[in-house]
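Residue numbers count from 1 along this sequence.
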Amino acid sequence: MEKSVDPIIFIETVQKLLPEATISLGWTPSSNYAALNRLDWSKTFRLMSYLSDLRQPVMLTMNLNDVLHSLEQLEWLLGINEPEIFLLVKADATAFVDADFQKLSAISENDKILFDVDDG
């Protein structure tokens with residue numbers, strides 16, 4: 001099990017030591033990786049409170065099912081210009097998905113989204 005890292009300390013340290021780097025954040029607020037970790041508006045604004053002073057790009061990594069349940073919030077985040085936010089969507093053949101993939105088309109044409117998904 002991975003230990004949690006305080007996001008403020010992590011972001012400040014990366015910003016100081018690696019000012020040209022893209023900051024990569026994983027989105028798993030629950031220790032249960034199988035649980036739905038939906039990005040609601042409260043969590044979205046809390047995330048932005050950590051990132052609002054950054055001038056370097058941010059990569060947000062989320063599981064496919066979490067993305068499907070957070071489309072409105074992600075569409076808003078991907079529209080922000082500073083810091084520029086990118087999304088890495090992850091899923092393998094055993095991933096649990098309980099939402100309609102058609103909803104993903106609302107944001108999937110955005111050039112700020114990368115997919116790391118199993119063909120299955």
*With Asn81 via side-chain contact (heavy atoms from CB on, under 4.5 Å) - residues at least two apart*: none
*Applying side-chain hydrogen bond (donor to acceptor under 3.5 Å, both in side chains), name anything that partners Glu82, two or more places apart in sequence or on another chain.*
Arg55
*asked:* Side-chain heavy atoms nearer than 4.5 Å, only ILVMFWY residues, links allowed to pass through others: does that put Met48 and Leu78 together?
replied: yes
_Taking Val58 as the starting point, is it possible to reach Leu114 by hopping between hydrophobic residues whose side chains are less than 4.5 Å apart?_
no
*Any chance you could measure Ile113, atom CD1, to Leu87, atom CG, to the nearest 0.5 Å?*
5.5 Å
*Single-linkage hydrophobic cluster Ile9~Tyr50, side-chain heavy atoms < 4.5 angstrom*: no
*Under 3.5 Å, side chain of Asp40 to main-chain N/O of Ser42, donor-acceptor pair present?*
yes
*Taking the side chain from Gln56 and the backbone from Leu18, do they hold a donor-acceptor pair closer than 3.5 Å?*
yes
*Identified side chain to side chain contact (heavy atoms under 4.5 Å, CB included) partner of Ser70 from the options Glu75, Lys43, Met62*: Met62
*Are Leu74 and Leu60 side-chain neighbours, meaning at least one heavy-atom pair lies under 4.5 Å?*
yes
*Quick one: side chain to side chain donor-acceptor pair (under 3.5 Å) pairs with a partner in residues 13-22, sequence neighbours left out?*
none
*asked:* Can you confirm whether Leu51 sits close enough to Ile11 that some side-chain heavy atom of one is under 4.5 Å from a side-chain heavy atom of the other?
replied: yes
_side-chain contact (heavy atoms from CB on, under 4.5 Å) involving Ser24 - partner list, sequence neighbours excluded_ = Met59, Thr61
*asked:* Once side-chain contact (heavy atoms from CB on, under 4.5 Å) is applied, do any residues pair with Phe45, and if so which ones, sequence neighbours excluded?
replied: Trp41, Trp76
*Identify the heavy atoms of Ile85 and Lys112 that sit nearest to each other, and give their distance.*
O-CD, 3.3 Å
*Shared hydrophobic cluster for Leu64 and Phe86 (ILVMFWY, side-chain gaps under 4.5 Å)*: no
*Checking side-chain contact (heavy atoms from CB on, under 4.5 Å) for the pair Leu71/Val67: CA distance, chi angles, key distance, verdict?*
CA-CA 6 Å; Leu71 291 174; Val67 168; 4.1 Å; yes
*Quick one: list whatever passes side-chain contact (heavy atoms from CB on, under 4.5 Å) with Asp116, sequence neighbours left out.*
Leu88, Lys90
